[in-house]
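Structure first, commentary second.
Computed from a predicted model, the values in this text were never measured in an experiment. Naming: A, B, ... by sequence-line order, numbering from 1 per chain.
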Amino acid sequence: MNTATLNRLDDWAWEIPKSGTMRVPGIIFASEELVGGMDEKVREQMSNVASLPGIVQAAYAMPDAHWGYGFPIGGVAAFDPQEGGVVSAGGVGFDISCGVRTLLTALSVEDIEPLRAQLADGLFQHVPAGVGSTSRLRLDERELTAMLNGGARWAVGAGYGQPADLGRIEQGGRYDGADPAQVSGEARHRQVDEMGTLGSGNHYLELQAVTDVYDPATADAFGLAVGAVVVSIHCGSRGLGHQVATEFARRMVIEGPGYGIRLADRELASVPIDSPVGRDYFGAMLAAANCALANRQILAHFVREVFERVTGDGNLSLLYDVSHNVCSLETHEIAGRRRDVYVHRKGATRSLGPGAADVPADLKAIGQPVLIGGSMGTCSYILAGTAASETRAFSSACHGAGRCQSRSQSMRQNRGEDVVERLRRRHITIKSRSLRGVAEEAPTAYKDVNAVVEVTHAAGLARKVARLAPLICVKG
DNA sequence: ATGTAC
């Protein structure tokens with residue numbers, strides 16, 4: 001992106017000034033290098049989002065932003081229903097409630113070494129991964145509805161994990177307001193045999209070592225210490241969420257113009273929050289979000305089963321589970337007035353500071369754990385939410401490294417075998433059924449996650465707590 | 001992201 005046309009607000013924030021149809025400015029949190037590396041499409045998409053009815057304050061982009069379907073990935077946008085605000089399927093994305101959860105183990109890096117092959121093979125065999133992967137679970141209609149209403153709470157009730165897990169999941173493990181009746185038969189059908197599957201693309205299951213601690217007191221409260229091993233799961237709502245997004249994106253294109261919504265790009269696909277289709281989408285989207293929470297809960301149970309068998313200890317406690325593709329109704333102070341707005345975070349993680357209502361009770365004084373997943377073979381980070389993020393970007397932070405190359409570009413540049421070999425030499429074990437998938441997800445296809453996190457920290461969106469390096473990575 | 005296109 002050409003920085004000459006942006007207003008530099010401070011070291012870490014750049015403004016796309018209001019022009020043309022834009023109702024609010026765009027604000028990009030980035031270093032000069034990161035913003036310079038962003039495609040002009042990001043600016044175009046942010047300007048389009050800033051032109052949508054009812055948008056408040058600004059359209060935001062996190063330092064990992066890159067262009068996506070309609071809205072940029074790494075984007076945050078809030079809309080006020082009292083000012084004709086909209087919801088958009090493209091503003092949440094196709095993988096509804098895709099997110100990360102991190103579990104703590106009692107093991108150190110040294111403990112893992114003799115068990116490395118057994119754990120890698122055990123996880124690879126026990127956790128279904130890949131395109132079209134299916135589970136040994138089969139849900140009937142009644143169970144599917146209960147799952148869509150109950151999220152991770154349903155999963156715990158069905159025997160996957162413990163009640164204590166729920167306190168460490170966003171929204172207590174269940175999004176309120178889900179409307180399973182708005183999830184089509186087709187979407188349900190796709191999920192009948194996909195509960196407890198990892199999926200493909202950038203989704204993964206990783207064993208990671210804590211390599212650095214930046215804030216010892218917070219790391220201690222989170223249960224993190226240098227040399228400890230954790231398990232992170234990155235995945236979403238699989239076929240069901242994708243089907244919900246597909247159907248509503250289509251419906252919004254058809255019904256949006258009836259509400260006087262004119263789009264610069266049909267992928268912006270928006271309808272008023274206060275319309276039948278807007279309410280249907282919001283209810284269906286939250287049901288899909290519950291599906292993702294239940295899915296990650298079941299996957300964690302599978303991980304615990306493997307740890308129990310291989311190490312004799314399956315008691316992994318949950319640090320946190322947070323989505324980075326979701327729209328939620330939240331109260332924010334905007335221009336001195338508290339307003340209820342619908343915040344779309346697409347490739348952006350919520351980042352609640354100390355004292356916020358949804359921070360787990362035992363972490364209330366510290367802030368919400370913010371889980372940042374790196375790309376395959378690179379580091380991940382644990383951060384903590386800040387009070388400053390509330391005023392800067394509706395309590396939001398980045399979500400990962402962010403792509404800098406398309407899948408096809410990455411596939412042309414990399415052979416899957418070479419990527420696996422390169423990582424093996426760095427003592428990182430990759431288990432995948434798809435060498436093509438590995439080539440598409442090669443580290444070279446992503447920005448430098450360290451640089452993204454540095455900006456996130458320096459801009460006050462979240463603060464660094466610990467860094468994680470991959471040991472074993474199970475890919476879809 | 002996705003039974004990897006309508």
Side-chain angles (χ1 to χ4, degrees), chain A residues 45 64-75 88-100 128-135 137-139 144 183-205 233-251 253-254 266-267 269 284-285 287-289 291-293 295-296 299 323-327 344-349 373 375-376 399-403 405-412 416 432-442 445-446 474-476:
Chain A
Q45 292 194 324
D64 50 339
H66 56 106
W67 67 284
Y69 182 92
F71 289 51
I73 295 162
S88 169
V92 171
F94 280 77
D95 191 5
I96 296 169
S97 192
C98 180
V100 182
V131 181
S133 51
T134 55
S135 168
L137 274 75
R138 292 290 180 280
L139 268 58
L144 257 169
V183 175
S184 71
E186 177 83 353
R188 288 163 164 264
H189 174 70
R190 287 181 68 168
Q191 201 60 24
V192 164
D193 57 2
E194 285 193 350
M195 290 311 293
T197 65
L198 195 58
S200 63
N202 64 1
H203 291 168
Y204 60 76
L205 159 57
I233 298 167
H234 176 217
C235 74
S237 51
R238 305 285 288 112
L240 184 142
H242 189 271
Q243 188 65 29
V244 166
T246 302
E247 291 170 11
F248 277 94
R250 196 176 299 144
R251 222 177 125 186
V253 169
I254 294 166
R266 63 190 275 130
E267 292 183 358
M285 184 271 303
C291 173
L293 294 185
N295 194 33
R296 290 195 287 273
L299 286 167
S323 299
H324 49 232
N325 278 7
V326 80
C327 175
H344 295 64
R345 293 191 185 83
K346 179 185 186 183
T349 309
S375 53
M376 186 177 59
H399 83 304
R403 272 196 173 270
Q405 267 188 350
S406 69
R407 294 195 165 119
S408 51
Q409 267 179 310
S410 184
M411 209 166 49
R412 279 195 297 275
S432 176
R433 287 177 181 83
S434 166
L435 284 170
R436 175 182 161 175
V438 169
E440 287 177 350
E441 293 298 316
Y446 284 83
V474 175
K475 289 294 292 181

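Looking at heavy-atom distances under 4.0 Å, A:Gly236 makes no contact with the nucleic acid at all. Within 4.0 Å of A:Gln191, counting heavy atoms only, lies no atom of the nucleic acid at all.
With A:Tyr446 as reference, A:Glu441 is the one residue of A:Glu441, A:His66, A:Gln405 to meet the side-chain hydrogen bond (donor to acceptor under 3.5 Å, both in side chains) rule.
The distance between atom CD of A:Glu247 and atom P of B:dC6, rounded to the nearest whole Å, is 13 Å. Per the geometry, CZ belonging to A:Phe248 stands 20 Å off P belonging to B:dT2, to the nearest Å. Between A:Tyr69 atom OH and B:dA5 atom C1' there is a gap of 13 Å when expressed in whole angstrom units. Straight-line distance from the CD1 atom of A:Ile96 to the P atom of B:dT2: 12 Å, rounded to whole Å. Rounded to an integer number of Å, the gap from CG of A:Asp95 to P of B:dT4 is 15 Å. For the pair A:Gln243 CD and B:dC6 C1', the interatomic distance rounds to 13 Å; values are reported in whole Å. If you take CD of A:Glu194 and C1' of B:dT2, they are 9 Å apart, rounded to a whole angstrom. Note: CZ (A:Arg433) to C1' (B:dT4) measures 18 Å, nearest angstrom.
Applying the 4.0 Å criterion to OP1 and OP2 of B:dT2, one finds that A:Thr246 has every side-chain N and O outside that range. A sub-4.0 Å separation between OP1 or OP2 of B:dT4 and a side-chain N or O of A:Arg407 is absent.
In this structure, the side chain to side chain donor-acceptor pair (under 3.5 Å) partners of A:Ser97, at least two apart in sequence or on a different chain, are A:Ser323. Residues meeting the ring-ring contact (aromatic ring centres under 6.0 Å, His included) test with A:Tyr69, sequence neighbours left out: A:Phe94.
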message: Could you go through A:His234 and A:His399, starting from their C-alpha distance and side-chain angles, then the distance that decides it, and tell me whether this counts as ring-ring contact (aromatic ring centres under 6.0 Å, His included)?
response: CA-CA 11 Å; A:His234 176 217; A:His399 83 304; 7.5 Å; no

